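Letters A, B, ... are given to chains in the order of the sequence lines, protein chains preceding strands, and every chain is numbered from 1. Everything numeric here is computed off the predicted structure, so don't read it as measured data.
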Number of protein chains: 2
Amino acid sequence: MVMKKKTISAARPRRAGAATTAIPESTDSASMFDPVERAPAYTKVSSAIEHKIMSRALRGGDVLPAELELAQQFRVHRSTVREALRQLESAGLVTRPPGAKRMIVSRPEAAKVASGMRHALVLHEVSFVDVWEAMMVIEPEVAALAAMRRTQADLVTLTQTSEAFRDSPEGDPDSVNIVALFFEQLGAASRNQVLVLAKQSLAQALAPSLARMIDTVPQARARITDAQKRIINAVRDKNAEEARKWMSKHVRDFKRGYEVAGISPDTPISV
Amino acid sequence: MVMKKKTISAARPRRAGAATTAIPESTDSASMFDPVERAPAYTKVSSAIEHKIMSRALRGGDVLPAELELAQQFRVHRSTVREALRQLESAGLVTRPPGAKRMIVSRPEAAKVASGMRHALVLHEVSFVDVWEAMMVIEPEVAALAAMRRTQADLVTLTQTSEAFRDSPEGDPDSVNIVALFFEQLGAASRNQVLVLAKQSLAQALAPSLARMIDTVPQARARITDAQKRIINAVRDKNAEEARKWMSKHVRDFKRGYEVAGISPDTPISV
DNA sequence: AAAGACGGACTGTCGGACAATAGGGCAATT
DNA sequence: AATTGCCCTATTGTCCGACAGTCCGTCTTT
């Protein structure tokens, strides 16, 4: 009754490895052989599926075959498929709509990507100035683009958001989110997905410390409201140069705020 | 002999769900209840570990406990832990050094994050102009920063890379990588992690089509070599303004190249 | 001391099992 | 007709248990 495994597993393709004990990095002695390619099955499965998705053979919205069927197709155990699916899931390539059974193919949303970037920034102990510097590079240009391409609808949502911020109560922990939303909407108005993605990461990374800053510096709220208003006006007038200028001031103001709040520019951004 | 599971599983904490049949998205009728929190165990496990990592309770380089031990601590089965680990693995938060047993905590590397972003860009069918536009925003500023902060060592590597490109044979499929490397090194010289991360994504996304462009447009190689040389000179002289200007020209040239190669600016970037 | 042999600790993968749920269909009820 | 109850199947979430492959440190052997 115990032999079931022995025989089968001997015939089954196991690992490809032949393991050079300890894998010395040295390639100094004439390298005759390439390092043997060794990847766990779950990785192979996940990259096979990933490929299908990236090459658009599987398109967003398609439902993935059931785990068992995948397992049969790949000739691996269901657990192995599941591990592969978990990878794809955390990469945002597949998703399960809440309360649904099957996985569907999905495109990684901006928020997803941004959170990956935020992880990286936090763990690399990137300092506040670095993020700020990146904002100084990106935001003014985004504002300029937004000024050129905005629609009437953009203008409306921007205005609403700005007013929501102005009217948000003093210690409201949601204020930061509104500020972030303003930036996000401005990004949307720029009609450039790429910049939106990049911006969002920065906003996410900055949010926690920004919250502290706003709560610490009394005049912060007023200054932000004012800057937003001027930016909106520039965007309304399709005045790119003006939008760029005010956004530049606005971002520069953030740094001033940090200084006033006594937060060192070298503070690593945190969770 | 079959009851072993029944009893145990009844005592074990199962899903928390109570499933509102079909989950209507409507929140229009006065929402009295919050949606019941329903997350699979593997998710809870992975976010528990993720938290420990993000809060730096587990720091980069630490070895994670063995799967079995984790399973015992979380009181779940090893398979469940494994699924959680796969998520963290593809997020780049944990890694297994080739040929090592235990997982170690790691910081997501730039390449990792960039590839996530590339997925997103490709799947959102972002067009070439969008990426190009983002480059137009970022690269010149990076060049300027690099000019201000470069060290002697940066200068050396940049020069080497540029020469490597100049000397790379006509149809060498590696040429693009060298171009990308030049950008990457310039990013490194800017001493800003954040921008490096953003740049790398763009470079990755652009690489495939750039390769085609270089191979199609005869004068491309010469123009790139020339631009690189001028940028290096500006960086050498710590002349930020000049570096910005030439990088701007350089990137603009890419677009011209695409036009000459007959690639439409609206082509979605691809794998 | 170098070269093996040995055993324990882990991972990769598998087979198998069972509970819970989604989704559909069908009948009973209102 | 709309609602509700009930059953059935496909599929996921989780677990148990097992074993081969591999890493690594220790103990022999030469």
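Less than 4.0 Å separates DNA chain D from at least one heavy atom of each of the following residues of residues 76-83 of chain A: R78(A), R82(A). Residues from residues 58-70 of chain A that place a heavy atom under 4.0 Å from any atom of DNA chain D, listed by number: A66(A), E67(A).
In terms of heavy-atom proximity, Y42(A) sits nearest to R86(B) at CE1-CD, 3.2 Å. Nearest approach of S106(B) to G92(B), heavy atoms of both residues: OG-O, 3.1 Å. What you find for A134(A) and V194(B) is that their closest heavy atoms are CB-CG1, 3.6 Å.
The distance from atom CZ of R96(B) to atom P of dT22(D) is 14 Å, rounded to the nearest whole Å. Rounded to whole Å, the distance from OH on Y42(B) to C1' on dC15(D) is 16 Å. One interatomic measurement links the two molecules: CZ of R86(B) to P of dT11(C), which rounds to 9 Å at whole-angstrom precision. Put simply, CZ on F74(A) is 17 Å from C1' on dG12(C), counting in whole angstrom units. Between I104(A) atom CD1 and dT11(D) atom P the separation is 17 Å, expressed in whole Å. With rounding to whole Å, K101(B) atom NZ is found 10 Å from dA20(D) atom C1'.
By the 4.5 Å heavy-atom criterion applied to side chains, L123(B) and I53(A) are counted as neighbours. V122(B) is listed as a side-chain neighbour of R56(A), based on a closest heavy-atom distance under 4.5 Å. In this structure, V179(A) and L210(A) have side chains that are in contact, with non-hydrogen atoms separated by less than 4.5 Å. Side-chain atoms of H119(A) and E50(B), non-hydrogen and from C-beta on, do get closer than 4.5 Å to each other.
Here R38(A) does not reach the OP1 or OP2 of dG12(C): none of its side-chain N or O atoms lies under 4.0 Å away. The side chain of R102(B) contributes no N or O atom lying less than 4.0 Å from OP1 or OP2 of dT22(D).
Between the side chains of S168(A) and S175(A), a donor-acceptor pair is found at a separation under 3.5 Å.
Every pair passing side chain to side chain donor-acceptor pair (under 3.5 Å) that includes a residue from residues 177-198 of chain B is listed here, sequence neighbours excluded: E133(A)-N192(B), D154(B)-R191(B), T161(B)-Q185(B), D174(B)-N177(B).
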